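All chains are named by letter (A, B, ...) in the order of the sequence lines, taking the proteins before the strands, and each is independently numbered beginning at 1. Small disclaimer: the values here were computed from a predicted structure and weren't measured.
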Amino acid sequence: MPELPEVETMRRGISRIAGRRITGLHVPRSRLKPIRFEPAPAAFRRRAVGHTIEAVERLGKRVVLRLDGDLAVVFEPRMTGLVLLAEPPDTEHLRLGLRLNGCGAPWLWYWDRRGLGSVRLLSRAQLQADLGPHRLGPDALELSLPVLRARLGSSRQPIKVALLDQRRLAGIGNLYASEILHVAGIHPQRPCDRLNSRQWRAIHAALRQVLREAIRCEGSTLGDGTYRNALNRPGSYQNHHRVYQRQGQPCPRCGRGQVCRTVQAQRATFFCPRCQRPGRRRPKR
DNA sequence: ATTAATGTTCAGAA
DNA sequence: TTTCTGAACATTAA
(Lines give C-alpha, C1' and ligand atoms only; values in the text may rest on other atoms or scores of the structure.)
Protein backbone atom coordinates (compact mmCIF):
# COMPACT_ATOMS: atom_id res chain seq x y z
CA MET A 1 0.00 0.00 0.00
CA PRO A 2 2.79 2.48 0.38
CA GLU A 3 2.38 4.86 -2.54
CA LEU A 4 4.14 8.14 -3.16
CA PRO A 5 2.91 9.97 -0.02
CA GLU A 6 3.72 7.05 2.28
CA VAL A 7 7.15 6.44 0.74
CA GLU A 8 7.95 10.15 0.81
CA THR A 9 7.00 10.15 4.50
CA MET A 10 9.36 7.24 5.09
CA ARG A 11 12.12 9.06 3.25
CA ARG A 12 11.69 12.23 5.28
CA GLY A 13 11.47 10.22 8.48
CA ILE A 14 14.87 8.62 7.97
CA SER A 15 16.63 11.49 6.15
CA ARG A 16 18.55 12.32 9.31
CA ILE A 17 20.73 9.23 8.78
CA ALA A 18 22.49 10.98 5.90
CA GLY A 19 26.16 11.26 6.73
CA ARG A 20 26.26 8.10 8.81
CA ARG A 21 28.22 4.99 8.02
CA ILE A 22 26.88 1.45 7.82
CA THR A 23 28.75 -0.52 10.46
CA GLY A 24 26.82 -3.76 10.47
CA LEU A 25 23.97 -5.83 9.06
CA HIS A 26 21.43 -7.93 10.90
CA VAL A 27 19.27 -10.46 9.05
CA PRO A 28 16.87 -12.11 11.53
CA ARG A 29 16.29 -15.81 10.97
CA SER A 30 12.66 -16.56 10.46
CA ARG A 31 10.27 -19.36 9.61
CA LEU A 32 8.74 -17.12 6.95
CA LYS A 33 9.72 -17.27 3.34
CA PRO A 34 12.62 -14.85 2.89
CA ILE A 35 12.11 -11.62 1.02
CA ARG A 36 13.97 -10.79 -2.17
CA PHE A 37 17.46 -9.91 -1.05
CA GLU A 38 20.10 -8.79 -3.55
CA PRO A 39 22.80 -9.83 -3.32
CA ALA A 40 22.40 -12.61 -0.73
CA PRO A 41 22.92 -11.41 2.86
CA ALA A 42 26.57 -12.47 3.11
CA ALA A 43 27.64 -10.60 0.00
CA PHE A 44 25.36 -7.70 0.90
CA ARG A 45 27.14 -7.34 4.22
CA ARG A 46 30.57 -7.59 2.64
CA ARG A 47 29.83 -4.91 0.06
CA ALA A 48 27.74 -2.48 2.14
CA VAL A 49 29.47 -2.35 5.51
CA GLY A 50 31.91 0.54 5.81
CA HIS A 51 30.15 2.76 3.30
CA THR A 52 28.66 6.12 4.17
CA ILE A 53 25.08 7.16 3.42
CA GLU A 54 25.43 10.35 1.42
CA ALA A 55 21.75 11.01 0.67
CA VAL A 56 18.29 9.58 1.28
CA GLU A 57 16.13 9.76 -1.83
CA ARG A 58 12.86 8.49 -3.23
CA LEU A 59 12.43 6.92 -6.65
CA GLY A 60 8.74 6.48 -7.31
CA LYS A 61 7.58 4.12 -4.56
CA ARG A 62 11.09 3.14 -3.47
CA VAL A 63 13.42 4.53 -0.82
CA VAL A 64 17.04 4.84 -2.00
CA LEU A 65 20.09 5.26 0.22
CA ARG A 66 22.92 6.71 -1.87
CA LEU A 67 26.23 5.42 -0.60
CA ASP A 68 29.73 6.54 -1.34
CA GLY A 69 31.51 4.34 -3.83
CA ASP A 70 28.69 4.52 -6.40
CA LEU A 71 26.44 2.19 -4.45
CA ALA A 72 22.78 2.41 -3.51
CA VAL A 73 20.53 0.51 -1.13
CA VAL A 74 17.01 0.29 -2.56
CA PHE A 75 14.03 -0.52 -0.34
CA GLU A 76 10.90 -1.51 -2.25
CA PRO A 77 8.05 -1.86 0.26
CA ARG A 78 5.34 -2.95 -2.24
CA MET A 79 2.34 -3.85 -0.07
CA THR A 80 3.39 -4.00 3.54
CA GLY A 81 7.01 -2.97 3.78
CA LEU A 82 8.16 -0.35 6.29
CA VAL A 83 11.46 1.51 6.66
CA LEU A 84 11.86 2.43 10.31
CA LEU A 85 14.15 4.14 12.76
CA ALA A 86 11.89 3.24 15.68
CA GLU A 87 11.16 -0.21 17.06
CA PRO A 88 9.28 -2.30 14.46
CA PRO A 89 5.65 -3.41 15.08
CA ASP A 90 6.84 -6.97 15.81
CA THR A 91 10.00 -9.04 15.43
CA GLU A 92 8.18 -11.79 13.53
CA HIS A 93 8.22 -9.86 10.26
CA LEU A 94 11.48 -8.03 10.71
CA ARG A 95 13.61 -8.61 7.63
CA LEU A 96 16.75 -6.49 7.98
CA GLY A 97 18.57 -4.16 10.30
CA LEU A 98 21.35 -1.79 9.23
CA ARG A 99 23.57 -0.69 12.09
CA LEU A 100 24.85 2.87 11.77
CA ASN A 101 27.66 4.70 13.49
CA GLY A 102 27.13 7.71 15.75
CA CYS A 103 24.90 8.34 18.71
CA GLY A 104 21.09 8.26 18.72
CA ALA A 105 19.07 5.62 16.89
CA PRO A 106 21.80 3.37 15.58
CA TRP A 107 19.56 0.94 13.65
CA LEU A 108 17.60 1.31 10.43
CA TRP A 109 15.02 -1.46 10.08
CA TYR A 110 13.19 -3.00 7.15
CA TRP A 111 9.99 -4.72 8.25
CA ASP A 112 7.53 -6.42 5.88
CA ARG A 113 4.49 -8.41 6.93
CA ARG A 114 3.60 -10.00 3.61
CA GLY A 115 7.13 -10.05 2.37
CA LEU A 116 6.40 -8.98 -1.18
CA GLY A 117 8.96 -6.21 -0.94
CA SER A 118 12.69 -6.31 -1.44
CA VAL A 119 16.02 -4.84 -0.36
CA ARG A 120 18.79 -4.50 -2.93
CA LEU A 121 22.32 -3.19 -3.03
CA LEU A 122 22.99 -1.84 -6.51
CA SER A 123 25.82 -0.19 -8.36
CA ARG A 124 25.14 3.05 -10.16
CA ALA A 125 24.92 1.19 -13.45
CA GLN A 126 22.46 -1.36 -12.04
CA LEU A 127 20.34 1.39 -10.56
CA GLN A 128 20.25 3.16 -13.89
CA ALA A 129 19.34 -0.03 -15.72
CA ASP A 130 16.65 -1.09 -13.23
CA LEU A 131 15.11 2.19 -12.21
CA GLY A 132 16.22 4.56 -14.97
CA PRO A 133 13.88 6.79 -16.95
CA HIS A 134 12.98 4.03 -19.37
CA ARG A 135 11.54 1.97 -16.52
CA LEU A 136 10.16 4.74 -14.32
CA GLY A 137 8.38 7.82 -15.60
CA PRO A 138 8.83 11.29 -14.11
CA ASP A 139 7.84 11.69 -10.48
CA ALA A 140 4.15 12.46 -10.08
CA LEU A 141 4.85 15.31 -7.66
CA GLU A 142 7.10 17.20 -10.03
CA LEU A 143 5.16 16.61 -13.18
CA SER A 144 4.17 19.65 -15.24
CA LEU A 145 0.83 19.71 -17.03
CA PRO A 146 2.39 19.45 -20.53
CA VAL A 147 4.50 16.47 -19.47
CA LEU A 148 1.52 14.75 -17.90
CA ARG A 149 -0.44 15.17 -21.09
CA ALA A 150 2.47 14.12 -23.28
CA ARG A 151 2.89 10.90 -21.35
CA LEU A 152 -0.76 9.86 -21.02
CA GLY A 153 -2.62 11.79 -23.65
CA SER A 154 -2.31 9.41 -26.57
CA SER A 155 -3.13 6.24 -24.64
CA ARG A 156 -6.41 4.46 -25.22
CA GLN A 157 -6.34 3.07 -21.68
CA PRO A 158 -8.85 4.27 -19.09
CA ILE A 159 -7.38 7.20 -17.16
CA LYS A 160 -7.44 5.27 -13.86
CA VAL A 161 -5.41 2.42 -15.34
CA ALA A 162 -2.91 4.79 -17.02
CA LEU A 163 -2.30 6.67 -13.76
CA LEU A 164 -1.13 3.40 -12.20
CA ASP A 165 1.46 2.72 -14.92
CA GLN A 166 4.81 3.57 -13.33
CA ARG A 167 6.50 3.88 -16.72
CA ARG A 168 4.20 6.74 -17.61
CA LEU A 169 4.57 8.55 -14.30
CA ALA A 170 5.97 7.31 -11.01
CA GLY A 171 4.36 7.23 -7.62
CA ILE A 172 0.59 6.93 -7.95
CA GLY A 173 -1.05 3.75 -6.67
CA ASN A 174 -4.53 2.40 -6.40
CA LEU A 175 -5.75 4.46 -3.48
CA TYR A 176 -4.59 7.85 -4.75
CA ALA A 177 -5.70 7.19 -8.33
CA SER A 178 -9.32 6.98 -7.16
CA GLU A 179 -8.97 9.99 -4.87
CA ILE A 180 -7.36 12.13 -7.57
CA LEU A 181 -10.02 11.38 -10.16
CA HIS A 182 -12.77 12.17 -7.71
CA VAL A 183 -11.28 15.57 -6.94
CA ALA A 184 -10.82 16.16 -10.67
CA GLY A 185 -14.41 15.09 -11.39
CA ILE A 186 -13.33 12.63 -14.07
CA HIS A 187 -14.85 9.18 -14.60
CA PRO A 188 -12.19 6.50 -14.02
CA GLN A 189 -13.09 4.63 -17.20
CA ARG A 190 -12.63 7.62 -19.49
CA PRO A 191 -9.99 6.80 -22.11
CA CYS A 192 -6.98 9.12 -21.93
CA ASP A 193 -7.16 10.03 -25.58
CA ARG A 194 -10.66 11.39 -25.14
CA LEU A 195 -9.90 13.88 -22.38
CA ASN A 196 -9.86 17.56 -23.31
CA SER A 197 -7.53 20.32 -22.12
CA ARG A 198 -9.81 21.42 -19.34
CA GLN A 199 -9.96 17.87 -18.01
CA TRP A 200 -6.19 17.44 -18.13
CA ARG A 201 -5.82 20.65 -16.19
CA ALA A 202 -8.25 19.33 -13.60
CA ILE A 203 -6.39 16.03 -13.29
CA HIS A 204 -3.04 17.80 -12.96
CA ALA A 205 -4.32 20.15 -10.27
CA ALA A 206 -6.05 17.34 -8.37
CA LEU A 207 -2.96 15.18 -8.53
CA ARG A 208 -0.81 17.83 -6.93
CA GLN A 209 -3.42 18.77 -4.37
CA VAL A 210 -4.14 15.22 -3.23
CA LEU A 211 -0.51 14.09 -3.07
CA ARG A 212 0.62 17.19 -1.20
CA GLU A 213 -2.20 16.96 1.31
CA ALA A 214 -1.54 13.25 1.81
CA ILE A 215 2.15 13.93 2.47
CA ARG A 216 1.16 16.61 4.97
CA CYS A 217 -0.91 13.95 6.75
CA GLU A 218 1.99 11.47 6.54
CA GLY A 219 0.05 9.07 4.33
CA SER A 220 -2.92 6.75 4.79
CA THR A 221 -3.06 4.01 7.41
CA LEU A 222 -5.86 1.69 6.33
CA GLY A 223 -8.00 -0.66 8.36
CA ASP A 224 -5.33 -3.27 8.97
CA GLY A 225 -3.11 -0.54 10.40
CA THR A 226 -0.04 -1.81 8.61
CA TYR A 227 1.38 1.43 7.28
CA ARG A 228 3.45 3.48 9.73
CA ASN A 229 5.91 6.33 9.38
CA ALA A 230 9.58 5.90 10.28
CA LEU A 231 8.74 6.36 13.96
CA ASN A 232 6.06 3.66 13.84
CA ARG A 233 3.18 6.11 14.01
CA PRO A 234 0.12 5.94 11.73
CA GLY A 235 -0.70 8.50 9.06
CA SER A 236 -3.98 10.42 9.06
CA TYR A 237 -4.94 10.92 5.43
CA GLN A 238 -7.44 8.04 5.72
CA ASN A 239 -9.63 10.55 7.57
CA HIS A 240 -9.72 12.65 4.41
CA HIS A 241 -10.54 9.92 1.90
CA ARG A 242 -13.43 10.95 -0.32
CA VAL A 243 -14.21 7.68 -2.08
CA TYR A 244 -11.59 5.03 -1.35
CA GLN A 245 -13.28 2.09 0.42
CA ARG A 246 -16.36 4.19 0.99
CA GLN A 247 -18.74 2.38 -1.34
CA GLY A 248 -22.41 2.92 -0.49
CA GLN A 249 -21.71 6.11 1.44
CA PRO A 250 -22.87 9.49 0.19
CA CYS A 251 -20.40 11.42 -1.93
CA PRO A 252 -18.74 14.11 0.21
CA ARG A 253 -18.64 16.46 -2.74
CA CYS A 254 -22.21 16.50 -4.04
CA GLY A 255 -23.83 14.85 -1.04
CA ARG A 256 -26.30 13.07 -3.29
CA GLY A 257 -24.44 10.46 -5.29
CA GLN A 258 -23.53 7.15 -3.68
CA VAL A 259 -19.91 6.10 -3.89
CA CYS A 260 -19.57 3.09 -6.25
CA ARG A 261 -16.99 0.33 -6.24
CA THR A 262 -16.00 -1.26 -9.54
CA VAL A 263 -13.05 -3.29 -10.77
CA GLN A 264 -10.58 -2.12 -13.42
CA ALA A 265 -7.51 -4.11 -14.39
CA GLN A 266 -8.30 -6.42 -11.45
CA ARG A 267 -8.08 -3.56 -8.97
CA ALA A 268 -10.80 -1.91 -6.95
CA THR A 269 -11.91 1.50 -8.22
CA PHE A 270 -14.06 3.94 -6.24
CA PHE A 271 -15.96 6.91 -7.65
CA CYS A 272 -19.11 9.01 -7.45
CA PRO A 273 -21.29 8.38 -10.51
CA ARG A 274 -22.83 11.81 -10.13
CA CYS A 275 -19.68 13.94 -9.88
CA GLN A 276 -17.68 11.78 -12.26
CA ARG A 277 -19.78 11.41 -15.38
CA PRO A 278 -18.66 9.04 -18.11
CA GLY A 279 -18.84 11.98 -20.50
CA ARG A 280 -20.61 12.36 -23.78
CA ARG A 281 -19.91 9.99 -26.60
CA ARG A 282 -17.96 11.41 -29.43
CA PRO A 283 -20.23 14.00 -31.10
CA LYS A 284 -21.78 12.81 -34.32
CA ARG A 285 -19.71 14.70 -36.86
C1' DA B 1 -12.72 -24.97 6.54
C1' DT B 2 -12.34 -22.70 2.48
C1' DT B 3 -12.33 -18.56 -0.21
C1' DA B 4 -11.96 -13.78 -1.37
C1' DA B 5 -9.76 -9.58 -0.80
C1' DT B 6 -5.99 -6.61 -0.08
C1' DG B 7 -2.09 -3.45 -3.86
C1' DT B 8 2.52 -3.49 -6.32
C1' DT B 9 5.50 -5.24 -9.68
C1' DC B 10 7.13 -8.37 -13.11
C1' DA B 11 7.28 -12.24 -16.46
C1' DG B 12 5.13 -13.86 -20.14
C1' DA B 13 1.44 -13.85 -23.40
C1' DA B 14 -1.93 -11.73 -26.51
C1' DT C 1 4.31 -1.36 -29.58
C1' DT C 2 0.78 -1.75 -26.26
C1' DT C 3 -2.08 -3.95 -23.23
C1' DC C 4 -3.56 -7.78 -20.40
C1' DT C 5 -3.22 -11.82 -16.97
C1' DG C 6 -1.56 -14.37 -13.23
C1' DA C 7 1.79 -15.15 -9.64
C1' DA C 8 4.46 -13.73 -5.70
C1' DC C 9 3.20 -13.47 -0.21
C1' DA C 10 0.78 -13.16 4.69
C1' DT C 11 -3.14 -12.08 7.01
C1' DT C 12 -7.91 -11.11 7.91
C1' DA C 13 -12.82 -11.22 7.07
C1' DA C 14 -16.60 -13.57 5.30
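- Distances were taken from every side-chain heavy atom of Arg78(A) (C-beta onward) to each of dT8(B), dT6(B), dT3(C); the shortest belongs to dT8(B).
- Between Asp112(A) and Arg78(A) there is no salt bridge, since no side-chain N of the basic residue sits under 4.0 Å from a carboxylate O of the acidic one.
- Between Arg31(A) and Glu92(A), at least one side-chain nitrogen of the basic residue sits less than 4.0 Å from a carboxylate oxygen of the acidic one, meeting the salt-bridge criterion.
- Side-chain N or O atoms of Gln276(A) include one that pairs as donor or acceptor with a backbone N or O of Cys272(A) at under 3.5 Å.
- Residue Lys61(A) has its side chain nearest to dT9(B) when only dT6(B), dT3(C), dT9(B) are considered.
- A salt bridge links Glu76(A) with Arg62(A): the distance from a Lys NZ or Arg NE/NH1/NH2 to an Asp or Glu carboxylate oxygen falls below 4.0 Å.
- Between Arg62(A) atom CZ and dT9(B) atom C1' there is a gap of 8 Å when expressed in whole angstrom units.
- In this model, the phosphate group of dT3(C) is approached by a side-chain N or O of Ser155(A) to a distance below 4.0 Å at OP1 or OP2.
- Of the possible polar contacts, none joining the Gln245(A) side chain to the Val243(A) backbone as a donor-acceptor pair under 3.5 Å is found.
- Distance, Met79(A) CE to dT9(B) P: 11 Å, rounded to whole Å.
- Nearest to the side chain of Gln157(A), among dC4(C), dA5(B), dT9(B), sits dC4(C).
- Spacing between atom CD of Gln264(A) and atom P of dA5(B) amounts to 16 Å, rounded to whole angstrom units.
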Counting Watson-Crick and G-U wobble pairs with both distances under 3.5 Å, what is the dot-bracket string for DNA chain B, 5' to 3', using [ ] for crossing pairs and | for pairs to another strand?
.|||||.|||||||
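- When atom types are taken as modelled, the side chain of Glu8(A) and the backbone of Arg58(A) share no donor-acceptor pair closer than 3.5 angstrom.
- Nucleotide dT8(B) holds its P atom 6 Å from the CG atom of Asn174(A), rounded to whole Å.
- Listed nucleotides: dT8(B), dT3(C), dT6(B). Nearest to the side chain of Arg168(A): dT3(C).
- Between the side chains of Glu3(A) and Tyr227(A), no donor-acceptor pair of N or O atoms lies under 3.5 Å.
- Counting any heavy atom pair closer than 4.0 Å across all strands shown, Arg113(A) reaches sugar-phosphate atoms only and no base atom.
- Considering only the side chain of Gln166(A), dT9(B) comes nearest among dT3(C), dT9(B), dA10(C).
- Listed pair Arg95(A) / dA10(C) fails the phosphate criterion, with no side-chain N or O lying under 4.0 Å from OP1 or OP2.
- In this structure, Leu164(A) places its CG atom 12 Å from P of dC4(C), rounding to the nearest Å.
- Distances shown here put every side-chain N or O of Arg156(A) at or beyond 4.0 Å from the OP1 or OP2 atom of dT3(C).
- For the pair Gln266(A) CD and dT3(C) P, the interatomic distance rounds to 16 Å; values are reported in whole Å.
- Rounded to whole Å, atom P of dA10(C) lies 15 Å from atom CG of Leu94(A).
- Both Leu152(A) and Val183(A) sit in one connected hydrophobic cluster of ILVMFWY residues. Membership requires side-chain heavy atoms under 4.5 Å apart, directly or through other members.
- Arg167(A) comes within 4.0 angstrom of a base, heavy atoms only.
- Rounded to an integer number of Å, the gap from Leu4(A) CG to dT8(B) C1' is 14 Å.
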